[in-house]
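For the numbers below, each heavy atom of this structure counts, side chains included, while hydrogens, waters and symmetry mates do not. The chains referred to below are lettered A, B, ... by the order of the sequence lines, with proteins before strands, and numbering in each begins at 1.
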Amino acid sequence: MPVLNRQVANILDRLADTLDIEGANEFRVRAYKSAAQTIRSLSKNVSEMVENNEDISKLPNIGDSMADKIKEIVETGSLKQLKKAKKRIPEGLIDLLDISNLGPKRVQKLNQELDIKNIDDLKKAAKDEKIREIEGFGKKTEEKILEESEKQISDKEKDRLKWRDAREITEPLLDYLKKLDEIDQIDIAGSYRRCKETIGDLDILVICEDSKKTMEHFVSYEDTDDVISKGDTRSSIRLTSGLQVDLRVVSKKSYGSALVYFTGSKAHNIKIRKIAGDKDLKINEYGVFKGDDQVAGKTEEEVYEQIDLKYIEPELREDRGEIDASRNDDLPKLVTLEDIRGDLQSHTKASDGKYTMEEMVNAAKEKGYDYFAITDHSQRVTMARGLNEKRMEEQIKKMEELNKEIKGIRILKAVEVDILEDGSLDLEDEILKELDVVVCSVHYNRNLSQKKQTKRILKAMENPYFNILGHPTGRIIQKRDPIEVNMEEIFKTAKDYNIHMELNASPERLDLSDFYCKTARETGIKIAISTDAHMKSHLDNMIYGVNQARRGWLEKEDVLNTHKWSNLKKMLKRN
DNA sequence: GCCGTTTTCGGCCCGACTGTTTTCAGTCG
């Protein structure tokens, strides 16, 4: 069982947090954090890289010492240094860092002054009004801490895995299961198949010749932490990651209906069962029945056909109009990864990317892209060494030169320019007008009221060079709420100006949401699915964006970067 | 701990905001 990237990254992150609380050098802490980030976002499995003797110290943010630690994790599953650190710092203390306004210094202080060791201790101390007595804390801080620590404990959403993380766990499990000859067919159902942003548990269906042997094989999976139940038709395990996996053995004649049933969503299933009822049919996981006779169930197509529906892609099964669309033969022909011709947001060393422009462009070329936009940050984003007008000029020159040098791909001269608080853009129009693509994003002053935030973005859109609104809501899944903004109004104005929305494909963001993708499409707005790559491996994140786009009903036509450059160029013309 | 077209040592992302103070530390993006 190879160690997963996420596990390696978690150990490094954990160590960083521990060191941070202990008051270690902040740059050392940051080094561990950025190494974790690198590993987490790799598209290859770092264990395999180590096995194949690839030089991982060539990866960004990973030097010789970090490479050794990673090797240790890959080979032993853990890190001695972290074990030692855990003896010094209570484990529950690290969870306190998740509470906003609590950083390493305050956590350390809470531990020293009040002997707080975990969230429960923290909550109690806040309730008892002990925290306000500590120097540097006060009534307001204490109230905020209490509010958040209560929310923290009840926050079930945190237990769900992001789709990308679920995939990392799921693929080796699937490979393992497929090794058994007795298994004829295997599919993952549930929210994973629907490509939801986060996954609660995993439902796997199989057709097999020997269910006892299959179940035995399943519960013997190396990464199993706990066998919850084991039967002939259904078994349930918990993996070391905490993910619960159910395996169901299904008969051939019921496979399609079982797949429909366990793929869900619940709301979708309720609707189709009702339609069946109206036709005197009954749909369950075993088939479609007329009285006691099974009339369909072998394939999903068959099941839908019985109730006069066309096959509905799993990503659409959310009861958001897909059933009517199917009945009227009006389902979208969903965009696929193969339709993508380029990437419209990426960063280089000029700002906070990890590779040079040449390296990024060549990596994009290897993907077979026709075009690739380099969109480094503008000056306001100081933490990313954003570009001012002068450096932007140089960047443009470099893009032009590189365009002559590198054949087979077109570099789009571009920028990710900040939308400032007053709604102006962070670079002069003089320079923006030289660019092929201008992506505009909010990074600062995220906590404005909805009215002010909306006004800010609408004002920015008046700028005649504004092409694409980058990561429109700024949310980070399970971590940061979206900014408050009236999206309907923004879409309306975007439509008027011929401005497009980004669907940021980063698995942590997936911003726009599926819901807003659908609304955008209905408003007639095009979507750019962009990876926002900060390293070469991030270019592989496109699939997550495409998944989300499919959940948002997007067709090839709706997606800007499925179009040829000659078309795209016209589509970027402003009204 | 990482990194290097000035550096193998000495930098490293820096400014705004908040609540606590009464001049600033801690946190955040």
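Out of B:dG1, B:dG4, B:dG29, the shortest distance to the side chain of A:K349 is found at B:dG4. For A:N447, whose side chain is taken as the heavy atoms from C-beta onward, the closest listed nucleotide among B:dT18, B:dC12, B:dG29 is B:dT18.
OP1 or OP2 of B:dG1 has at least one side-chain nitrogen or oxygen of A:Y32 nearer than 4.0 Å. The phosphate of B:dT20 (OP1 or OP2) has a side-chain N or O of A:T141 nearer than 4.0 angstrom. Taking 4.0 angstrom as the limit, A:K479 places none of its side-chain polar atoms (N or O) nearer than this to OP1 or OP2 of B:dG29. One finds a side-chain N or O of A:K144 lying less than 4.0 angstrom from the OP1 or OP2 phosphate oxygen of B:dG19. Neither OP1 nor OP2 of B:dC3 sits under 4.0 Å from any side-chain N or O of A:K354.
For A:H377 and A:H443, the ring centers are positioned less than 6.0 Å apart.
Here B:dG10 presents its C1' atom at 17 Å from CZ of A:R28, a figure rounded to the nearest Å.
Residue contacts shown for A:S100 are limited to sugar-phosphate atoms, with no base heavy atom under 4.0 Å away. A:K109 comes within 4.0 angstrom of nothing in the nucleic acid, heavy atoms only. The residue A:A35 sits apart from the nucleic acid: no heavy atom pair falls under 4.0 Å.
Judged by Watson-Crick or G-U wobble contacts below 3.5 Å, the nucleotide B:dC9 has B:dG4 as its partner.
Residues A:I56 and A:I70 form a side-chain contact, since some pair of their non-hydrogen atoms from C-beta on lies under 4.5 Å apart.
In this structure, A:N498 and A:H500 approach most closely via the heavy-atom pair OD1-CE1, 3.4 Å.
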